[in-house]
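The structure appears below as structure tokens.
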Amino acid sequence: MADPANECFALRREDGSLTGEIKPRALVHRDGDLHGASHVFLARLRGGRAELLLQKRSAQKDSFPGLYDISAAGHLDPGEDFAAAARRELAEELGVTGEEPEFLFAQRNEYHGAFHGKPFHDNEIAWVYLLVLDRPEEAFTPEACEVESVHWFSVREILRAMRENDPRFCLREAEFCRLLPYLAQKFGIPVDKL
């Protein structure tokens, strides 16, 4: 895992192409520069309903500490492509290796707020992936500095949490809602039955 204090990101243009500029993580999030990330959702089917594995972010994270988030996600290292970053994050954050997540779509995400008393502007293009993997929570080996724990949630639980603005979650609603038709197709059930 890269040391966040020394981590650098390759900046991107609106079309997703690289600008050629590399900048430290803290400055990218201070200035709101556009950069790349890979988001991997792990899913399984239980009792005819779709479930997603969510990670509880470490309390030491620079953003959204202690909240439930995407199964595995992270920024691209300079020179790294989205697929390689997805595989790396699965290994680093969950201990999942030898699996190839399926690319679904690209998603533009923005967040503007503050954490730890400092402005935080996340402006990213994320490639969103899906991996169907039915393992018990204890079979994952979360990286302690990144992930406090993992938990399977039903899609219905997550949707209810979003509707109720549950402060325990930091998933991006637009991205999550775009994921649902892919889950429905993957599991062969209607979106409203997920």
Side-chain angles (χ1 to χ4, degrees), residues 1-4 6-29 31-44 50 52-55 57-58 61-64 67-112 120-133 135 140-143 145-147 150 158 170-186:
M1 141 115 187
D3 175 8
N6 299 318
E7 196 175 1
C8 289
F9 299 159
L11 303 189
R12 296 184 176 267
R13 296 182 186 91
E14 290 296 324
D15 67 0
S17 63
L18 294 168
T19 66
E21 185 180 356
I22 294 176
K23 194 169 173 180
R25 173 190 182 108
L27 298 181
V28 168
H29 285 146
D31 299 340
D33 297 308
L34 186 59
H35 58 282
S38 288
H39 295 175
V40 185
F41 286 94
L42 271 62
R44 70 180 184 182
L52 294 174
L53 185 80
L54 299 184
Q55 65 163 269
R57 296 167 64 85
S58 163
K61 294 292 287 181
D62 66 348
S63 62
F64 305 102
L67 302 185
Y68 283 107
D69 200 358
I70 300 161
S71 309
H75 299 98
L76 277 63
D77 291 336
E80 185 177 42
D81 66 29
F82 289 92
R87 290 188 299 273
R88 176 178 51 77
E89 293 296 340
L90 279 170
E92 286 179 0
E93 294 187 352
L94 301 177
V96 173
T97 59
E99 302 286 347
E100 192 65 39
E102 175 187 359
F103 170 73
L104 302 180
F105 56 86
Q107 175 73 34
R108 178 70 184 278
N109 292 314
E110 286 189 60
Y111 174 84
H112 304 285
F120 183 89
H121 303 284
D122 198 18
N123 186 16
E124 68 182 23
I125 295 174
W127 281 25
V128 179
Y129 294 84
L130 177 64
L131 178 61
V132 175
L133 189 65
R135 291 185 184 171
F140 295 96
T141 54
E143 184 178 40
C145 63
E146 290 276 327
V147 181
V150 295
I158 297 168
C170 63
L171 294 166
R172 292 167 172 97
E173 188 172 1
E175 181 175 321
F176 185 76
C177 290
R178 281 187 73 187
L179 173 68
L180 298 181
Y182 292 96
L183 287 173
Q185 181 181 22
K186 181 65 71 178

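One-based numbering along the sequence shown.
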Would you say the side chain of Glu89 lies within less than 4.5 Å of the side chain of Val40, judging by non-hydrogen atoms?
-> no
Is the backbone N or O of Ala91 less than 3.5 Å from a side-chain atom of Thr97, with the two atoms forming a donor-acceptor pair by type?
-> no
Between the side chain of Arg13 and the main-chain N/O of Leu18, is any donor-acceptor distance below 3.5 Å?
-> yes
Donor + acceptor pair across side chains of His29, Asp122 (<3.5 Å) | yes
Closest approach of Pro101 to Ala86 (non-hydrogen atoms, all atoms of both residues) = CG-CB, 4.2 Å
Heavy-atom nearest pair, Val150 first then Leu53, reads CB-CD1, 3.8 Å
From Phe41 CZ over to Ile158 CD1, what is the distance, rounded to the nearest 0.5 angstrom?
-> 8.0 Å
Just by distance, do the side chain of Arg12 and the backbone of Glu124 share a donor-acceptor pair under 3.5 Å?
-> no
If every non-hydrogen atom of Ala73 is compared with every non-hydrogen atom of His39, which pair is closest and at what distance?
-> CB-CD2, 3.6 Å
Quick check: does any side chain N or O of Asp31 sit under 3.5 Å from a backbone N or O of Asp33, one acting as donor and the other as acceptor?
-> no
Does the side chain of Phe176 reach to within under 4.5 Å of the side chain of Leu52, using non-hydrogen atoms?
-> yes
Parallel, tilted or perpendicular: which describes the rings of His75 and His35, with under 30° parallel and over 60° perpendicular?
-> tilted
Going by heavy atoms in the side chains, are Leu42 and Leu90 under 4.5 Å from each other?
-> yes
